[in-house]
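What follows is a single structure, written as structure tokens, with notes after it.
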Amino acid sequence: MGGTGTSDTIAVRVWRGERHGGFQSFAVPRLANQTVLDVLRFIQRRLDPGLAFRHACRVGVCGSCAVRVNGIARWACRTHLDRVVRDDALELAPLDHLPAVRDLVCDLAPFFDQWTAAGGYFVPRPDADGFAAIAPESPARRAVEAGIECIGCGICYSECDTVGDRPEYLGPAALNRAWTLQNDTRDGARAARLHAVSGDAGCHACHSRFACSERCPKGLSPAASIAALKRQGVAALLGGTR
Amino acid sequence: MASQSRDQLWEPRLWLLQRVTAVALALWVGVHLITILAVGGAGLSAEQILGRTRHSAVVALFYGSFVLLAAIHGALGVRVLIAEWTPWRGTRRDGAAVLVAVLLVALGGRALWAVVT
């Protein structure tokens with residue numbers, strides 16, 4: 001049931017082309033329990049097969065269908081129209097701060113390049129020998145738990161004003177991943193990673209505006225991870241080794 | 001994970017310096033405001049106020065450090081804005097921030113000089 005007061009169709013404006021494209025309007029039938037992804041699939045199958053957008057799992061696991069819905073980055077697959085349609089209208093655009101490829105598809109290479117730059121990958125300790133015993137309730141493991149569920153959808157990157165102002169900024173997702181690894185007792189590159197995230201465009205460039213935490217569909221708080229990285233950097237500076 | 005330039009050493013230090021000056025400024029501004037209210041409540045004239053500030057080591061120390069704190073804190077904030085609003089990086093950006101600090105010290109110092117001498 002599409003909520004009260006809704007009409008039979010909605011006017012959907014979809015971004016077409018690359019950076020210098022424009023919005024194209026489609027009239028899409030309104031259905032019960034309809035998601036933004038349903039709308040996109042309808043347009044592609046019935047109205048314009050040339051529409052380009054990404055999706056895979058349809059259930060909020062893969063993170064590939066993130067688009068801007070009425071200006072706010074969301075997963076298309078998990079966004080019900082009831083939550084976002086205003087006056088029977090919907091506007092769909094590609095994620096912000098990433099190079100446009102075509103229509104709703106953007107190039108995520110810069111986003112993942114920043115993960116690499118932030119040391120967002122596991123580096124085994126040279127003395128690793130056998131299985132690591134990690135207490136689930138230990139503070140370090142709990143810190144990992146708080147940020148580990150990121151699926152790399154890019155929503156935080158699109159919503160972050162600092163990324164928009166400084167494209168070289170490592171961004172919330174990469175820094176969040178770095179923080180989980182800083183708490184991974186099996187990791188052997190924590191000093192180097194702290195260095196990597198403490199550069200000119202690293203964690204200190206964050207203004208703590210919390211747009212990333214506000215918009216993360218997984219309910220994670222990259223902003224809190226970034227703040228923790230700043231504290232760790234200060235602790236290292238003052239001689240402590242957290 | 002390339003360990004790069006001096007950036008990695010500077011950024012956490014500058015960030016810490018801005019936070020420390022922010023905390024100090026909160027206290028200094030509090031004392032400053034309370035002083036203004038107290039002086040206003042006492043109904044002192046400008047001449048009477050200047051009579052108290054002239055040759056006062058306390059006023060010179062307090063407002064001297066106030067000027068320095070504000071200059072450091074403000075310049076560091078401007079340095080961040082420069083990176084976000086302009087293409088300036090490296091020496092150009094740092095130089096501009098230092099200029100802002102020097103300007104703030106000059107302006108604040110001039111005002112301080114006027115009330116303590």
Side-chain angles (χ1 to χ4, degrees), chain A residues 97 113-124 160-171 174-175 177-178 181-182 187-209 226-240 242, chain B residues 1-30 65-66 68-105:
Chain A
H97 310 146
D113 286 347
Q114 302 292 49
W115 282 51
T116 311
Y121 49 88
F122 177 67
V123 179
C160 175
D161 290 337
T162 306
V163 171
D165 290 334
R166 301 185 65 182
E168 71 269 33
Y169 173 50
L170 294 173
L175 291 169
R177 178 66 184 131
L181 288 159
Q182 289 303 87
D187 190 275
R190 287 189 271 183
R193 189 175 299 105
L194 191 58
H195 235 233
V197 301
S198 298
D200 179 38
C203 61
H204 302 94
C206 168
H207 284 280
S208 306
R209 284 180 284 211
I226 294 167
L229 281 173
K230 289 176 183 173
R231 286 197 299 273
Q232 193 173 49
V234 168
L237 205 60
L238 301 178
R242 255 213 60 179
Chain B
M1 245 172 287
S3 306
Q4 301 152 7
S5 53
R6 65 189 180 89
D7 283 353
Q8 269 80 352
L9 302 170
W10 272 109
E11 293 306 322
R13 285 189 170 89
L14 295 180
W15 181 83
L16 182 62
L17 188 58
Q18 197 179 23
R19 290 306 182 275
V20 168
T21 52
V23 171
L25 278 173
L27 296 173
W28 262 243
V29 168
S65 53
F66 203 161
L68 286 179
L69 286 169
I72 294 168
H73 186 78
L76 287 173
V78 168
R79 182 176 173 272
V80 172
L81 295 182
I82 290 171
E84 294 180 359
W85 294 0
T86 76
W88 293 1
R89 296 291 183 273
T91 313
R92 202 169 189 193
R93 172 186 173 211
D94 293 341
V98 168
L99 265 182
V100 169
V102 169
L103 186 68
L104 289 174
V105 167

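Each chain gets a letter, A, B and so on, in the order the sequences are listed, and its residues count up from 1.
Rounding to the nearest 0.5 Å places NE2 of A:H204 at 8.5 Å from CZ of B:R19.
By the side chain to side chain contact (heavy atoms under 4.5 Å, CB included) test, B:H73 is found to be paired with B:Q18, B:T21, B:A22, B:L25, residues two or more places apart in sequence or in another chain being considered. Every residue was checked against the salt bridge (Lys or Arg N to Asp or Glu O under 4.0 Å) condition with B:R92, not counting sequence neighbours, and none meets it.
Closest approach of B:E11 to A:S198, counting heavy atoms only: CB-O, 3.3 Å.
Residues A:H207 and B:V80 form a side-chain contact, since some pair of their non-hydrogen atoms from C-beta on lies under 4.5 Å apart.
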